[in-house]
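In the text below, chain A, chain B and the rest are named by the order of the sequence lines, each starting its count at 1.
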Amino acid sequence: MSETDVHYDVHAVEEKWLPVWEKLDTFRADDDVVRSGGREKRYALTMFPYPSGDLHMGHAEVLALHDVIARYWRFRGYEVLNPMGWDSFGLPAENAAIRNDEHPATYTYANIETQLASMKRYGLSFDWSRRLHTSDPEYYRWTQWLFLKLREQGLAYRKNSPVNWCPNDQTVLANEQVVDGACERCGAEVTKRELTQWYFRTTAYAQELYDRLDDLQSAWIGKVVNAQRNWIGRSEGAHVTFEVEGHEPMTVFTTRPDTLWGATFMVVAADAALATELVSDDQRQALEDYLVDVRKETDIDRLATDRPKTGVFLGVHATNPVTGEQMPVWASDYVLADYGTGAIMAVPAHDQRDLDFARVMGLPVRRVVDTGEDNPEESGVATTGDGVYVNSGPLDGKSDKAAGISEAIAILERNGHGSGTINFRLRDWLLSRQRYWGAPIPIVHCPVDGEVPVPEDQLPVELPELRGADLKPKGTSPLGAATDWVNVACPACGGPATRDTDTMDTFVDSSWYFMRYVSPHDDTQAFDTELANAWGPIDLYIGGDEHAVLHLLYARFFTKALRDAGLLDWDEPFSAYLSQGKVINNGRKMSKSLGNGVNLGDQLAEFGVDAVRLTLVFASPPEDNIDWADVSPGGSVRFLQRAWRLSGDVTSAPGVDVSTGDVALRKITHKTVHEIAQLLESYRFNVVVARTMELVNATRKAIDSGCGPADPAVREATEAVAILLSLVAPYTAEEMWERLGHEPTVAQAAWPTVDPELLVDESVTAVVQIQGKVRARLEVSPGISESDLEAAALADPAVTKAIDGRQVRKVIVRAPKLVNIVV
RNA sequence: GCCCCGGUAGCCCAACGGCAGAGGCAAUGUGCUCAAACCACAUCCAGUGUGAGUUCGAAUCUCACCCGGGGCACCA
């Protein structure tokens, strides 16, 4: 056997097939077919990349996983929408532009071309005709249009409030972008600033965003559903209203209305407007002083759990609606301005935070639930569990918490002092950014007309040409410096006005890109509603866990908002969601400082595209991390060569009648194809590869020591291997397909038809257990009846010996596989 | 503190409540070779984190605990 028969050149086949595939353009999605319902659709989507340099191992993994399902669906006869694009607005381009004294577009579009070339080489089944970039004016025109659409619906608004501020990036951040008090991107300690900013009213959909998670539970990976649930943070409780002398009544949210009898004071968030409204003249200065201290705190300070409670008395009292008592109203930073109503009723006996505050300030503690534990007033430990109500009027003597809460709510509702309610932790989405490389907010501020939307026919509001040092962060938006751009005539009155100088959070761009893919070149609308309804929602979305709450939640919000705007008829964008694990090395995240980075380009050069893809898919279930030190791309190379070698051994002609082939091998082939289809449906891609390996092993054995290379069953098996392998290793598969005497491309081959008769064995092994331990095996027909199997088992000499004359008390029969005899 | 997910050979991972091992890596041996690589074949290896429970039968279901990973957290 010559060298060339044992190996193929992995790089030569890449060169060979790329232009062929390009020409065949196999993966173009046909809008007409789905529009007419001519074929069932599938929409496969992977989070589009940000163009920072070339692709890395993480991209390689998600792209490989994604391509398996996209190619599989195509084989199964679905019309598949499989687009790719770039999330190309963002800070790294801006920082590069400052560094290199150039325009952010230079860095951005150069990297896009690099990544595009890498993706093509990587052999992916994308429909490149739908490629989009969020930084193109043709795209962000519609981002701006959608912003205005949401504003029309009351879902985008401007307000002044303390916001998260990253002193390093010199921009505000959404709550979701603050992790442990630090900027998610650069790690700088986040501070607060009082600014007027744009928000999307995500809270308007809190209930629906939360409730629909139940439907996503089974088709989304559990931890992401859990993360969203925690982030939205639903709490059941009540609103309770307290009269305040000389003021409007104040309302609080509580999850424990049943402890209202134990409320002894009130606390208002110091930085809430309510505190300033309520404070008496005597106490005004004290509050001002306290606020100075509070504003100095960073989130990191606030997150410290056991720091001492501070606060000031506001000089007013509220009336407890059930006891009639006068309760002092305090301000403190332990109450959050933007959760609930920004004020609480304090029940120190049964809430540790309130108890801590009461003890520092010398406020009364009254126990209203006797849990059998020490009295909190003496112990300093609040009791939060179930117990018997005391000092609680109508609740006294009862002990069921749930019933107590319902009864308290009923009393409040009767008296007009409150009602049951559900509160969410979710906040509105702060979308203004004081940076350059994003979509400008299409609003003009006019001294006469106020906020005026830029008319639709004037969109897009294009970015002014700024570069290099113009973009240096200075705490206000760089766009403000482009005076020619900023100063415009008011669209409403024609008078002098100024443009909004902030740009949108880049998460806005990515909240609707999956809709744009259905009609990416349409210059009359954001997306074609009919096509969006035909293609959507996305049948499988794959991406990283880092977007578990950010992007996925925002995309869900946008989908609901656009549905309510009449632009879509689906409620949830992603029917199934799969998260990809990280590619790590030697137990650690890859990083420059650790020196353990693995370069994708180097891996591709060493092992070839197919082997790298196969390694990533085979290594573990998709959501698990892959430790590159634990896997063997060399092993993948060997396997692929072994599979390929089969195609050279087949001696029967293409189209040979396989029905006369070796039955044993045919059964293996059909069973494997059958099982792999099921595995693919549940995204168990690593097992798919393992099963393909088994088929290769079985075929090898048949050739060498079984039916021989001329048997039609060998051709059938090898063709099946080529088709199965094309999901993961398209170059090897294509090469096999050609050697098997077929025209390119294997991607257009018919998925092997499974013959149900070949899935059934003539005989199966039934195990006979006695007391759950295996004592004998019987070869039986798969159709054997339970009574026949039982009789056969009891007649078996090994079984009678094991029973040893003992009384048979019970026989469990699971024909045809198992008999268990209990003695 | 609350909520999710996981724990199976040296390693990565399989196993509708029914024989714990499919596949791969590593290791060892044999064949091929002048030799090595490649290739082929073979061998080796765990009783499923711990403890209870349910069951004829538990890696699988239930409970508690331990360990690891993730989400939320002064959220009332």
A.B. asks: Which base sits across from B:C32 as a Watson-Crick or G-U pair, both distances under 3.5 Å?
C.D. replies: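 B:C32 is unpaired by these criteria.
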A.B. asks: Mind checking if A:Asn686 touches a base, just sugar-phosphate, or nothing, with heavy atoms under 4.0 Å?
C.D. replies: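 Result for A:Asn686 = sugar-phosphate.
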A.B. asks: Does any nucleotide pair with B:U60 by Watson-Crick or G-U wobble geometry, both distances under 3.5 Å, and what is it?
C.D. replies: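 Matched B:U60 with nothing under the 3.5 Å cut-off.
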A.B. asks: Contact class for A:Asp624 vs. all strands (heavy atom < 4.0 Å): base, sugar-phosphate, or nothing?
C.D. replies: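 If one applies the 4.0 Å heavy-atom cut-off, A:Asp624 turns out to touch the sugar-phosphate alone, with no base involved.
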A.B. asks: A:Asn697 side chain: which of B:G24, B:A14, B:A76 is closest?
C.D. replies: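 Nearest listed nucleotide: B:G24.
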A.B. asks: Out of B:C74, B:A14, B:A40, which nucleotide sits closest to the side chain of A:Val687?
C.D. replies: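 For A:Val687, the side-chain atoms sit closest to B:A14.
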A.B. asks: Which part of the nucleic acid, if any, lies within reach of A:Ala227 when heavy atoms closer than 4.0 Å are counted: base, sugar-phosphate only, or nothing?
C.D. replies: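 Result for A:Ala227 = sugar-phosphate.
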A.B. asks: When you get a sec, tell me which of B:C56, B:G71, B:A76 is the closest nucleotide to the side chain of A:Val822?
C.D. replies: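 Closest nucleotide among those given: B:C56.
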A.B. asks: Look at all strands and tell whether A:Arg809 reaches a base, only sugar-phosphate, or nothing, counting heavy atoms closer than 4.0 Å.
C.D. replies: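 The residue A:Arg809 makes no contact with any strand.
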A.B. asks: Does A:Arg295 come within less than 4.0 Å of A:Asp271, counting only side-chain N to carboxylate O?
C.D. replies: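 No, A:Arg295 and A:Asp271 are not salt-bridged.
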A.B. asks: Please state whether the phosphate of B:C41, meaning OP1 or OP2, lies under 4.0 angstrom from any side-chain nitrogen or oxygen of A:Arg700.
C.D. replies: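 A:Arg700 to B:C41 OP1/OP2: no side-chain N or O under 4.0 Å.
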A.B. asks: Over all strands shown, is A:Arg691 touching base, sugar-phosphate only, or nothing at heavy-atom distances under 4.0 angstrom?
C.D. replies: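 The residue A:Arg691 makes base contact.
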A.B. asks: Would you indicate, yes or no, if B:C56 has its OP1 or OP2 atom less than 4.0 angstrom from a side-chain nitrogen or oxygen of A:Lys810?
C.D. replies: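 Answer is yes, contact under 4.0 Å.
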A.B. asks: Distance between the P atoms of B:C13 and B:U54, in whole angstroms?
C.D. replies: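 34 Å, rounded to whole Å.
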A.B. asks: For A:Gln228, check side chain to side chain donor-acceptor pair (under 3.5 Å) against everything at least two apart and list the hits.
C.D. replies: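 Here the qualifying residues are A:Arg556.
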A.B. asks: When both hydrogen-bonding distances must be under 3.5 Å and the geometry is Watson-Crick or G-U wobble, what is B:A9 paired with, if anything?
C.D. replies: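 WC or wobble partner does not exist here.
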A.B. asks: Contact class for A:Arg684 vs. all strands (heavy atom < 4.0 Å): base, sugar-phosphate, or nothing?
C.D. replies: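 Result for A:Arg684 = sugar-phosphate.
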A.B. asks: Within the structure, does a side-chain N or O atom of A:Ser636 lie under 4.0 Å from either OP1 or OP2 of B:G24?
C.D. replies: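 The answer is no; no side-chain N or O of A:Ser636 sits under 4.0 Å from OP1 or OP2.
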A.B. asks: I want to confirm an ordering. Mapping A:Gln228 and A:Met345 to their closest nucleotides on RNA chain B, which one lands closer to the 5' end?
C.D. replies: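 Upstream on the strand: A:Gln228.
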A.B. asks: With ring centroids as reference points, do A:Phe618 and A:Phe639 lie under 6.0 angstrom apart?
C.D. replies: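 For A:Phe618 and A:Phe639, the ring centres are not under 6.0 Å apart.
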A.B. asks: Given the C1' atoms of B:C45 and B:U28, what is the spacing between them in whole Å?
C.D. replies: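 That atom pair is separated by 12 Å.
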A.B. asks: Using the side chain to side chain donor-acceptor pair (under 3.5 Å) criterion, which residues pair with A:Asp211? Sequence neighbours excluded.
C.D. replies: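 Counting only residues at least two positions away or on another chain, A:Asp211 forms a side chain to side chain donor-acceptor pair (under 3.5 Å) with A:Gln207.
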A.B. asks: What is the separation between atom CG on A:Asn423 and atom P on B:A73, rounded to the nearest whole Å?
C.D. replies: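 The answer, rounded to whole Å, is 14 Å.
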A.B. asks: When rounded to the nearest 0.5 angstrom, what distance separates OG1 in A:Thr699 from CD1 in A:Ile668?
C.D. replies: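 It comes to 7.5 Å.
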A.B. asks: Taking the same atom, C1', in B:G69 and in B:A52, what whole-Å distance lies between them?
C.D. replies: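 Comparing C1' positions in B:G69 and B:A52 gives a spacing of 26 Å.
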A.B. asks: Using the C1' atom as the reference point in each nucleotide, state the distance between B:C11 and B:C44 in Å, no decimals.
C.D. replies: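 About 15 Å, rounded to a whole number of Å.
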A.B. asks: Hunt down the Watson-Crick or G-U wobble partner of B:U43, both distances under 3.5 Å, from any strand shown, or write none.
C.D. replies: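 B:A27 - that is the nucleotide pairing with B:U43, both distances being under 3.5 Å.
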A.B. asks: Nearest of B:A26, B:A76, B:G23 to any side-chain atom of A:Arg638?
C.D. replies: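 The nucleotide sitting nearest to the side chain is B:A26.
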A.B. asks: Counting only side-chain heavy atoms from C-beta out, which of B:C74, B:G23, B:A14 sits nearest to A:Pro621?
C.D. replies: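 My answer, after comparing the listed nucleotides, is B:A14.
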A.B. asks: Expressed as a whole number of Å, how far does the P atom of B:A58 sit from that of B:C41?
C.D. replies: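 B:A58 and B:C41 have their P atoms separated by 38 Å.
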A.B. asks: Give none if B:C65 has no partner; otherwise give the nucleotide forming a Watson-Crick or G-U wobble pair with it, both distances under 3.5 Å.
C.D. replies: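 Pairing partner, where one exists within any strand: B:G49.
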A.B. asks: Consider the side chain of A:Arg645, meaning its heavy atoms from C-beta on, and name the nucleotide among B:C39, B:A76, B:G23 that approaches it most closely.
C.D. replies: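 Within the option list, the nearest is B:C39.
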A.B. asks: Taking the six-membered ring for Trp, is the centroid-to-centroid distance between A:Trp429 and A:Tyr554 below 6.0 Å?
C.D. replies: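 Close enough - the centres of the two rings lie under 6.0 Å apart.
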A.B. asks: Do A:His417 and A:Phe242 come within less than 4.5 Å of each other through their side chains, counting heavy atoms only?
C.D. replies: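 A side-chain contact under 4.5 Å is absent here.
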A.B. asks: For B:C16 versus B:G7, give the span between their P atoms, rounded off to a whole number of Å.
C.D. replies: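 The answer is 13 Å between these two P atoms.
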A.B. asks: What integer distance in Å separates A:Ile626:CD1 from B:C11:C1'?
C.D. replies: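 From A:Ile626 CD1 to B:C11 C1': 15 Å.
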A.B. asks: So does A:Lys817 have more than 12 non-hydrogen atoms from other groups sitting under 6.0 Å from NZ?
C.D. replies: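 For A:Lys817, atom NZ is not crowded (no more than 12 foreign heavy atoms under 6.0 Å).
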A.B. asks: Any side-chain N or O of A:Arg234 under 4.0 Å from OP1/OP2 of B:C2?
C.D. replies: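 For A:Arg234, the contact criterion (side-chain N or O under 4.0 Å from OP1 or OP2 of B:C2) is not met.
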A.B. asks: Paired with B:U54 by Watson-Crick or G-U wobble geometry, both distances under 3.5 Å: which nucleotide is it?
C.D. replies: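 When the pairing criteria are applied, nothing turns out to pair with B:U54, so the answer is none.
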A.B. asks: Grab the CD-P distance between A:Glu623 and B:C13 for me, whole Å please.
C.D. replies: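 Those two atoms, CD and P, are 10 Å apart.
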A.B. asks: How do A:Lys223 and A:Arg814 order along RNA chain B: which one's closest nucleotide is nearer the 5' end?
C.D. replies: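 Between the two, 5'-proximity favours A:Lys223.
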A.B. asks: Regarding A:Glu694 and A:Thr672, do their side chains bring together a donor and an acceptor under 3.5 Å, going by distance alone?
C.D. replies: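 Result is no, nothing qualifies.
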A.B. asks: Please report, rounded to the nearest Å, how far the P atom of B:C3 is from the CD1 atom of A:Ile221.
C.D. replies: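 Atom-to-atom, A:Ile221 to B:C3, this comes out as 21 Å.
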A.B. asks: I want to verify a distance call: between B:C74, B:A14, B:G23, whose nearest atom is closest to the A:Asp333 side chain?
C.D. replies: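 Given the options B:C74, B:A14, B:G23, the side chain of A:Asp333 is closest to B:C74.
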A.B. asks: Taking atom P of B:A14 as reference, at what distance in whole Å does atom CE of A:Met693 sit?
C.D. replies: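 My rounded result for the distance is 14 Å.
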A.B. asks: A:Arg642 has an atom CZ; how far is it from atom P of B:C38, in whole Å?
C.D. replies: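 Whole-Å distance recorded here is 14 Å.
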A.B. asks: Taking atom C1' in both B:A73 and B:C61, compute the distance separating them and give it to the nearest angstrom.
C.D. replies: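 That atom pair is separated by 32 Å.
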A.B. asks: Measuring from the side chain of A:Lys701 (C-beta onward, heavy atoms only), which nucleotide among B:A42, B:G18, B:C11 has the closest atom?
C.D. replies: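 Ranking B:A42, B:G18, B:C11 by closest atom to the A:Lys701 side chain puts B:A42 first.
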A.B. asks: May I ask you to evaluate whether A:Tyr334 reaches the phosphate of B:A76, defined as a side-chain N or O under 4.0 Å from OP1 or OP2?
C.D. replies: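 False: A:Tyr334 side-chain N/O out of range (4.0 Å or more) of B:A76 OP1/OP2.
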A.B. asks: Since syn is defined as within 90° of 0, does B:G47 count as syn or as anti?
C.D. replies: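 Judged by the O4'-C1' to base torsion, B:G47 sits in syn, the angle falling within 90° of 0.
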A.B. asks: Measure from CG on A:Asp649 to P on B:C39 and round the result to the nearest Å.
C.D. replies: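 Spelled out: CG on A:Asp649 to P on B:C39 is 15 Å.
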A.B. asks: For a quick check, tell me whether the side chain of A:Asn230 and the base of B:C72 share a donor-acceptor pair closer than 3.5 Å.
C.D. replies: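 For A:Asn230, whose side chain was compared with the base of B:C72, there is no donor-acceptor pair (under 3.5 Å).
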A.B. asks: On a whole-Å scale, what distance lies between the C1' atoms belonging to B:U48 and B:A9?
C.D. replies: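 Per the computed distance, 11 Å lies between those C1' atoms.
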A.B. asks: If you only use heavy atoms from C-beta on, which nucleotide in B:A22, B:A76, B:G23 is closest to the side chain of A:Ile344?
C.D. replies: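 Closest nucleotide among those given: B:A76.
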A.B. asks: Does A:Lys671 NZ have over 12 foreign heavy atoms under 6.0 Å away?
C.D. replies: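 Count over threshold, so yes.
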A.B. asks: Nearest whole angstrom, please: distance from the C1' of B:C5 to the CG of A:Leu578.
C.D. replies: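 So the CG-C1' distance, A:Leu578 to B:C5, works out to 14 Å.
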A.B. asks: Does the side chain of A:Arg425 get closer than 4.0 angstrom to OP1 or OP2 of B:A73 through an N or O atom?
C.D. replies: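 For B:A73, OP1 or OP2 has a side-chain N or O of A:Arg425 closer than 4.0 Å.
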A.B. asks: Of the listed nucleotides (B:G18, B:A76, B:C74), which one gets closest to any side-chain atom of A:Tyr339?
C.D. replies: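 Looking only at side-chain atoms, A:Tyr339 lies closest to B:A76.
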A.B. asks: Mind checking if A:Val767 touches a base, just sugar-phosphate, or nothing, with heavy atoms under 4.0 Å?
C.D. replies: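 Here A:Val767 touches the bases of the nucleic acid.
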